[in-house]
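Take a look at the structure below.
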Amino acid sequence: MFGLEKREQDSSSDVPEKKRGLVRSLREGLRRTRESLLGGLTSLIPGGRPIDSATLDTVEECLLVADVGMEATEAIIGRLRERHRQQRIDDGDALYAALREEMVALLAPVARPLVVPADRRAPFVLLMVGVNGAGKTTTIGKLARQFRAQGLSVVLAAGDTFRAAAVEQLRIWGERLDVPVIAQATGADAASVIYDALAAATARGADVLIADTAGRLHTRENLMEELKKIRRVLGKLDPEAPHETMIVLDATTGQNGLAQAEQFRKAVGVSGIALTKMDGTAKGGIVFAIARRLGIPLRYVGVGEQSDDLRVFDAGEFVDALLDRGAGR
Ligand SMILES: Nc1nc2c(ncn2[C@@H]2O[C@H](COP(=O)(O)OP(=O)(O)O)[C@@H](O)[C@H]2O)c(=O)[nH]1
Ligand SMILES: [Mg+2]
């Protein structure tokens, strides 16, 4: 069977211990979505039983329940029905294999990891955006840790000057990771904080600057204006900055996240997505809707609150973790 094969491979092959641990934590993080997806499937598709059109209807329902969304579900199911018509799916295992293939194919175009180019003259500037509570500040801490582990020097900019606790939260991450945090008092002009931070990062010869931003001001328009201003002032120091504008989306908000991404994309442009809290939801199928509807590169997936709970998004690894029938449901 699919999942079992995969598990044996992992434990017996030469996959390094660390990598195996990461794959395990991705599986654990996707547990609730997997249960929702496979809960309806395994009982209906025992290996060897012929697949009929009703089975495919069940698959369709399971995808919709997991928040895969109408469009992505229809894309996947359409392809499966076509294969079934051609009699290339005759039992449960073949259906699983086909489903895996179609899912990976749908995600592959957005599985484009963030790459910090090695031949840089100036700091690589990462501007983090997203609504309050999405996980921006936490994701910044996790990213800073990953970059440090890659031997890159990092500076953080406390650009969420709206909430009193926001600067403090970033400072704590900075202390924990031994990464400098450039900040001013609550209420300061966010664009000026981030401008200063880029100047400081450049002076230090830092590799990466990660800028935090507010998720809410008095109105959504205020926020978008502030973000535009931040982009403008960064451009004065480095015409190519920000090199990445990453939106942080909370997976537990499901389809709502798609609307947020559209809003931010329209206002300030978005070049990448970090999808957080996959561990807290059965609606992780949202990744397929993101791939289908937005087509914005999905860089990272957050699977917990700890500093190492951030996975680089890999389509094959993700789908395997999602469909793994042997992974302790
Ligand atoms: N379970 C879980 N919680 C997360 C994840 N990412 C962030 N959080 C939590 O979400 C809450 C809001 O995060 P925060 O970084 O403050 O959001 P911000 O307002 O966008 O900066 C915090 O309690 C975080 O610990 C994740 O991947 N999984
Ligand atoms: Mg924050």
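One-based numbering, in listed order, for ligands and for the atoms of each. This chain uses plain numbering: 1 for the first residue, then up along the sequence.
Close contacts between ligand 1 and Asn132 involve ligand atoms 19 (O) [criterion: under 4.0 Å to a heavy atom]. Close contacts between ligand 1 and Thr137 involve ligand atoms 15 (O), 21 (O) [criterion: under 4.0 Å to a heavy atom]. Numbered from 1 in the order shown, with element, the atoms of ligand 1 that lie under 4.0 Å from a heavy atom of Val131 read 20 (O). Remark: ligand 1 atoms within the under-4.0 Å shell around heavy atoms of Arg163 are 19 (O). Near Gly302, meaning under 4.0 Å from any of its heavy atoms, are these atoms of ligand 1: 27 (O). Listed by number with element, the atoms of ligand 1 under 4.0 angstrom from any heavy atom of Val303 are 27 (O).
By the criterion of a heavy-atom distance under 4.0 Å, neither the backbone nor the side chain of Val248 is placed next to ligand 1. Proximity of Met128 to ligand 1, defined as any heavy-atom pair under 4.0 Å, is not found for any part of the residue.
Within 6.0 Å of atom CZ in Arg204, 12 or fewer heavy atoms from other residues, nucleotides or ligands are found, so the atom counts as exposed in its surroundings. Environment of CD in Glu240: sparse, with no more than 12 heavy atoms of neighbouring residues, nucleotides or ligands closer than 6.0 Å. The environment of Arg79 atom CZ is sparse: at most 12 non-hydrogen atoms of other residues, nucleotides or ligands sit within 6.0 angstrom. Within a 6.0 Å radius of CD in Gln86, other residues, nucleotides and ligands contribute more than 12 heavy atoms.
When only non-hydrogen protein atoms are considered, atom 20 (O) of ligand 1 lies nearest to Lys136 N, 2.8 Å. For atom 4 (C) of ligand 1, the closest heavy atom belonging to the protein is Lys277 CG, 3.7 Å. The protein heavy atom nearest to atom 17 (O) of ligand 1 is Gly135 N, 3.0 Å. Among all protein heavy atoms, the one lying closest to atom 19 (O) of ligand 1 is Gly133 N, 2.7 Å. Looking at atom 9 (C) of ligand 1, its nearest protein heavy atom turns out to be Glu305 OE2, 3.8 Å.
Assignment of Gly215 to the shell around ligand 1 is not supported, since no heavy atom sits closer than 4.0 Å. Heavy atoms of Ala134 come nearer than 4.0 angstrom to ligand 1 in at least one pair. Taking a 4.0 Å cut-off on heavy atoms, Gln169 registers as neighbouring ligand 1. The shortest heavy-atom distance from Gly304 to ligand 1 is under 4.0 Å.
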Can you check side chain to side chain donor-acceptor pair (under 3.5 Å) on Ser153 and Asp207, steps first, answer last?
-> CA-CA 5 Å; Ser153 57; Asp207 296 306; 3.2 Å; yes
Using the side chain to side chain donor-acceptor pair (under 3.5 Å) rule, take Gln169 and Asp212 through it: C-alpha gap first, then chi angles, then the decisive distance, then the call.
-> CA-CA 11 Å; Gln169 193 188 351; Asp212 199 2; over 6 Å; no
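In this comparison of Asp279, Thr139, Thr276, Thr138, the heavy atom closest to atom 2 (C) of ligand 1 sits on Asp279.
Each of Arg265, Arg299, Glu244 was evaluated against Ser271; a single residue qualifies, Glu244, per the side chain to side chain donor-acceptor pair (under 3.5 Å) test. Residue Asp250 is tested with Lys136, Lys283, Lys277 for a salt bridge (Lys or Arg N to Asp or Glu O under 4.0 Å); the sole match is Lys277.
A salt bridge does not link Glu226 with Lys229: none of the charged nitrogens is closer than 4.0 Å to a carboxylate oxygen.
At least one N/O/S atom of Thr137, whether from backbone or side chain, sits less than 2.8 Å from the Mg ion (ligand 2).
Residues Leu64 and Met70 form a side-chain contact, since some pair of their non-hydrogen atoms from C-beta on lies under 4.5 Å apart. Side-chain contact between Val179 and Arg148 is present, with heavy atoms from C-beta onward closer than 4.5 Å.
Donor-acceptor pairing under 3.5 Å is lacking for the side chains of Asp308 and Gln146.
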